[in-house]
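Report on the following structure.
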Number of protein chains: 2
Amino acid sequence: MVQGIYEDIAGTLRSHGLQVTSQRILIYDYLIHTREHPSAQQVFEDVFESLPGISKATVYNTLEVLSNHGLIQKININSGVTRYDGDTSVHSHLICTHCHRIIDYFDDSFLGLRVPENLWNGFEVKRTCVIFYGVCDSCREELAAQAKEKRKARKDCVVPFKRDLKQVDAWLTVKTKG
Amino acid sequence: MVQGIYEDIAGTLRSHGLQVTSQRILIYDYLIHTREHPSAQQVFEDVFESLPGISKATVYNTLEVLSNHGLIQKININSGVTRYDGDTSVHSHLICTHCHRIIDYFDDSFLGLRVPENLWNGFEVKRTCVIFYGVCDSCREELAAQAKEKRKARKDCVVPFKRDLKQVDAWLTVKTKG
DNA sequence: CTCTAATTTTAGAATGATTATAAGATATCA
DNA sequence: TGATATCTTATAATCATTCTAAAATTAGAG
Ligand SMILES: [Mn+2]
Ligand SMILES: [Mn+2]
Ligand SMILES: [Zn+2]
Ligand SMILES: [Zn+2]
């Protein structure tokens, strides 16, 4: 039961030749289940709750490793901070230029049209990125309600963020012995 | 200071309620005529040739002002530095993930498909951004050459292909002790 | 043209996200 | 269980960008 939660994540890490650590499990798990497209700082703060003492350097290292292995993706917006997305499926983003919220946008109708050709003037397209910049619902109505809205959005997440480190350790121990 | 060639630029600046300065004219003129999608640093270096003594702060200030008035556009790529484009017409970009070159891409066929709807779940789309990440012509050749070198190096290896298991064991032992 | 107020430029300092470093801790595998 | 490669951590370093306040310049009125 305890080990079941992280079975998939550990397997994924191993299949990519990565060592399994509690830090990596918690960060990857967090990114998979949040819809917030958090920054490194946000990842650090939220994972810190489950694993006090985790270093910000580890967060950056892990995000880089996961990104390089295609397990998560980076998102760059006009704000100077990189955001991270645990959802690597093909989808677009609506980005609010005011509050910098990033909303997932799935639209089958133009998925097939996104890569016009695979080779253009010698340029080989590997990945197509569609971003819709604009103003989100709450920002348009009232700018003052920003912080409150953000907190609410986080609360609405289907999966609780906080994880018990003991569960991870127990699982790791069982895994090691077995 | 303001000559005939820059009347258009000066007029544009004035029409946006901006004061006309040699710094603004030169920066805007530079951005309009280059296709390089330069960074602030590149703008600074190139404009410095025409106007020695210009400050980097002025470059940043001016780029911000021009951008806020829609006279130029910012481009964010996965590299930590903002790039600037004096062409504000609707077009997409091919971005080389290796050398960070940005190439203009005009394709009428999907222009109409880029904004699916103007309002989605309360989100008001203001601008759509399509970016094709990949590898440019010269970089692909370079990478191919590197791969070839690697293959060649492996081929040129003096160690015989077939190994004696005893030799390997001996080598490993020495390696371990040393 | 001259004067004045508002705006802009400037050098340098400050900020803040990210990366580099090197020592200590941990995971992996036989 | 022990050897070794890998990972984590605290801290320092980097570097693009923003801030600051004084000096210079612009625009407009007289
Ligand atoms: Mn997403
Ligand atoms: Mn362009
Ligand atoms: Zn918003
Ligand atoms: Zn390239």
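Below, read A as the first sequence line, B as the second, and so on, with proteins coming before strands; counting in each chain starts at 1.
Between the side chains of Thr97(B) and Arg127(A), not a single donor N or O lies within less than 3.5 Å of an accepting N or O.
For Val81(B), the side-chain atoms get nearest to dA16(D) when compared with the rest of dT10(C), dT18(C), dA16(D). Among the nucleotides dA11(C), dT9(C), dT8(D), the one closest to the side chain of Arg24(A) is dT8(D). Counting only heavy atoms from C-beta on, Tyr60(B) has its side chain closest to dA16(D) among dA16(D), dC7(D), dT9(D). Closest contact between the side chain of Lys56(B) and the listed nucleotides dA17(C), dT17(D), dT6(D) involves dT17(D). Distance from the side chain of Thr82(A) is smallest for dT18(C) among the nucleotides dT18(C), dC19(D), dT28(C). Minimum atom distance to the side chain of Ala57(A) is reached by dT11(D), of the listed dC19(D), dA17(C), dT11(D). Closest to the side chain of Gln19(A), from the set dT8(D), dT10(C), dT28(C), is dT28(C).
Not one N or O on the side chain of Asp29(B) forms a donor-acceptor pair closer than 3.5 Å with the backbone of Ile25(B). Judged purely by atom type and a 3.5 angstrom limit, His91(B) uses its side chain to pair as donor or acceptor with the backbone of Ser89(B). A distance-only check finds a donor-acceptor pair linking the side chain of Asp85(A) to the backbone of Asp87(A) [under 3.5 Å].
To the nearest 0.5 Å, atom OH of residue Tyr28(B) and atom CG of residue Leu71(B) are 4.5 Å apart. With rounding to the nearest 0.5 Å, the separation of CG in Leu63(B) from OG1 in Thr82(B) is 9.5 Å.
The two atoms that bring Tyr105(B) and Phe132(B) nearest to each other are CD2-CE1, 3.9 Å, heavy atoms only.
Taking atom CD of residue Gln41(A) and atom C1' of nucleotide dT15(C), one finds them 14 Å apart after rounding to whole Å. Between the CG atom of Leu63(B) and the C1' atom of dT8(C) there is a distance of 15 Å, given to the nearest Å. In this structure, Phe44(A) atom CZ and dT18(C) atom P are separated by 14 Å, rounded to whole Å. Atom CG of Asn61(A) and atom P of dA25(C) are 18 Å apart (whole Å). If you take CG of Leu51(B) and P of dT8(C), they are 17 Å apart, rounded to a whole angstrom. Atom pair Leu13(A):CG and dC7(D):P shows a separation of 10 Å (rounding to whole Å applied). Here dC7(D) presents its C1' atom at 15 Å from CG of Leu26(A), a figure rounded to the nearest Å. Separating the CZ atom of Phe48(B) from the C1' atom of dT9(C) is a distance of 14 Å, rounded to the nearest angstrom.
Heavy-atom nearest nucleotides on DNA chain D were determined for Thr62(A) and for Ser39(B), and the one closer to the 5' end corresponds to Thr62(A).
Over its length, the helix from dC1(C)-dG30(D) to dA30(C)-dT1(D) turns its helix axis by 40°, as judged from the five terminal pairs at each end, rounded to 10°.
Ring geometry, His37(B) versus His93(B): the interplanar angle exceeds 60°, so the pair is classed perpendicular (tilted spans 30 to 60°).
In this structure, Thr58(A) does not reach the dC7(D) phosphate: none of its side-chain N or O atoms is under 4.0 Å from OP1 or OP2. The phosphate of dT26(D) (OP1 or OP2) has no side-chain N or O of Arg14(B) nearer than 4.0 angstrom. Considering only side-chain N and O atoms, Thr21(A) lies under 4.0 angstrom from the phosphate OP1 or OP2 of dT8(D). An OP1 or OP2 oxygen of dT10(C) is reached within less than 4.0 angstrom by a side-chain nitrogen or oxygen of Gln23(B).
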